[in-house]
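A short worksheet on the structure shown next.
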Amino acid sequence: MSGHEKLYIDEAFASNWIAPLGPNVDAFEQEIAQFVGANDAIAVSSGTAAIHLALSLLDVKKGDRVFCPALTFVASANPILYQGAEPVFIDSELESWNMSPKALIKAFEEAALEGELPKAVIVVNLYGQSAKMDEIVTICNQFGVPIIEDAAESLGTTYKGKASGTFGKFGIYSFNGNKIITTSGGGMLVSNDREEIKRARFLASQARDQATHYQHSVMGYNYRLSNLLAGVGRAQLQVLEHRVSARREIFENYFKNLADLPGISFMPELKDTRTNRWLTTLTINENEAGVTTKQLLAALYKEKIEARPVWKPLHLQPLFQGCLYYAHEKNNDVAERLFTTGICLPSGSNLTEDEQQRVITCIREVFNQSISKRSYLYPGKQEV
Ligand SMILES: *Cc1c(COP(=O)(O)O)cnc(C)c1O
């Protein structure tokens with residue numbers, strides 16, 4: 001928390017606006033829309049709910065296909081299943097770690113041949129990094145398929161100066177506890193299409209028709225954000241820029257102190273973008289490093305430092321067994337490689353320099369031990 005959240009919560013209590021909806025919700029929606037430069041926004045109970053609403057608005061139904069990146073959190077794809085639709089997974093490319101335009105074209109071409117074009121393409125900006133939006137938007141426009149931009153992890157990121165989350169028909173943000181700003185739980189759906197957001201508002205509040213009694217013609221959801229939590233969000237939004245700077249500094253510090261280690265590569269920053277560096281992530285080339293991701297995670301864990309592996313690709317999950325998947329290139333599965341070699345370092349905006357140093361020291365020790373072990377096993381190597 002930033003310290004100012006209670007002001008908004010107290011205000012909600014004082015005015016007795018405890019229900020879902022209320023002045024904080026309205027203001028939070030306007031403030032987010034203005035911040036990212038979208039015409040309209042609706043605050044909802046989670047990022048997942050926002051994706052689900054977007055799919056509903058695009059009329060994704062049973063049997064429809066939806067393209068989705070392979071390398072993402074399951075929440076990007078679960079709403080596809082809620083609609084009874086079929087996800088088709090698209091591999092990553094190495095410059096952004098996000099959706100590979102090459103794999104996307106291949107998926108589109110095959111789908112067009114089969115007469116099974118997807119109803120929507122979900123694009124994810126992983127760990128705060130924008131996907132290659134110019135290329136992806138061009139391809140999707142060519143096939144006339146709308147984009148839902150899952151910017152759950154990339155609020156505060158820009159691509160060519162434009163806010164992440166504003167490149168598709170719909171954009172979604174998450175305010176879950178682990179995201180760069182939080183309402184403890186919450187999300188936002190944004191769009192330039194005010195009519196669609198109006199419809200989202202209707203669907204998200206049980207789809208109640210205009211009538212003097214309770215009248216319902218279509219199925220709705222209970223997805224609205226509470227006025228209390230929206231208050232937390234308003235205060236959080238005020239410190240977003242600070243948090244982006246803090247996370248970028250944490251990245252710089254890790255980079256400065258670890259990039260010289262053999263076999264380590266940090267997630268790059270895509271050209272013409274400014275990522276929020278939600279999480280500092282890197283990959284380890286086991287052969288060069290003499291250390292595996294698993295060993296490193298275990299060593300950090302022993303020091304009570306919580307690090308995480310990179311998301312396990314969805315096409316490898318039992319839940320999505322049998323779903324279509326398109327690789328970046330033949331025999332080049334980028335998402336899978338990022339998963340087996342990737343690691344996310346502690347990156348909280350409030351991480352102190354001492355805490356960062358502990359992480360750095362622990363990682364350097366693991367590498368040092370590996371190097372001394374190797375020079376013991378292969379003494380000749382030391383001279384090389
Ligand atoms: C967190 C997250 C979501 C879901 O957001 P919730 O608010 O937790 O429902 C969706 N997609 C990605 C990529 C996420 O990281």
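Remember, predicted model here, so these are calculated numbers, not experimental data. For ligands, and for the atoms within them, numbers begin at 1 and follow the listed sequence.
Against a heavy-atom cut-off of under 4.0 Å, Ala75 is close to the following atoms of ligand 1: 3 (C), 4 (C), 10 (C). Ligand-side atoms of ligand 1 in range of Ser46: 7 (O), 9 (O), range being under 4.0 angstrom from any heavy atom. Remark: ligand 1 atoms within the under-4.0 Å shell around heavy atoms of Val124 are 13 (C). Near Gly47, meaning under 4.0 Å from any of its heavy atoms, are these atoms of ligand 1: 5 (O), 6 (P), 7 (O), 9 (O). Of all atoms in ligand 1, numbered sequentially from 1 with element shown, those under 4.0 Å from a heavy atom of Ala152 are 2 (C), 3 (C), 10 (C), 11 (N), 12 (C), 14 (C). Near Thr72, meaning under 4.0 Å from any of its heavy atoms, are these atoms of ligand 1: 13 (C). Less than 4.0 angstrom separates some heavy atom of Thr48 from each of these atoms of ligand 1: 4 (C), 5 (O), 6 (P), 9 (O). Taking every heavy atom of Gly186 and a limit of under 4.0 angstrom, the matching atoms of ligand 1 come to 7 (O).
A salt bridge is defined here as a Lys NZ or Arg NE, NH1 or NH2 lying under 4.0 Å from an Asp or Glu carboxylate O, and Lys102 with Asp91 fails to meet this definition. Here Arg201 pairs with Glu29 in a salt bridge; the nearest charged N to carboxylate O distance falls below 4.0 Å.
Using modelled atom types, no side-chain atom of Glu114 and backbone atom of Glu109 make a donor-acceptor pair closer than 3.5 Å.
Of the N and O atoms on the side chains of Ser349 and Arg247, at least one donor lies less than 3.5 Å from an acceptor on the other residue. Between the side chains of Asp150 and Ser76, at least one donor N or O sits under 3.5 Å from an acceptor N or O.
For atom 1 (C) of ligand 1, the nearest non-hydrogen atom of the protein is Lys179 NZ, 1.7 Å. Atom 11 (N) of ligand 1 has Asp150 OD2, 2.8 Å as its closest protein atom, hydrogens excluded (heavy atom only). Of all protein heavy atoms, the one lying nearest to atom 5 (O) of ligand 1 is Ser174 OG, 3.2 Å.
Residue Phe73 has no nitrogen or oxygen atom sitting less than 3.5 Å from a nitrogen or oxygen atom of ligand 1, judged on distance alone. In terms of polar-atom proximity, defined here as any N/O pair under 3.5 Å, Trp311 makes no such contact with ligand 1. Of the polar atoms of Glu153, at least one N or O is found under 3.5 Å from an N or O of ligand 1, judged by distance alone.
Between Tyr127 and Trp278, the two ring planes are parallel [angle under 30°; tilted spans 30° to 60°]. Between Phe28 and Phe175, the angle of the ring planes lies from 30° to 60°, which puts this pair in the tilted group.
Aromatic rings of Tyr254 and Phe266 (six-membered ring for Trp) have centroids beyond the 6.0 Å cut-off, not under it. Centroid-to-centroid, the aromatic rings of Tyr326 and Phe89 stay 6.0 Å apart or farther. Here the two rings, on Phe320 and Tyr325, have centers that are 6.0 Å apart or farther.
Residue contacts with ligand 1 do not include Gly187, since none of its heavy atoms lies under 4.0 Å from the ligand.
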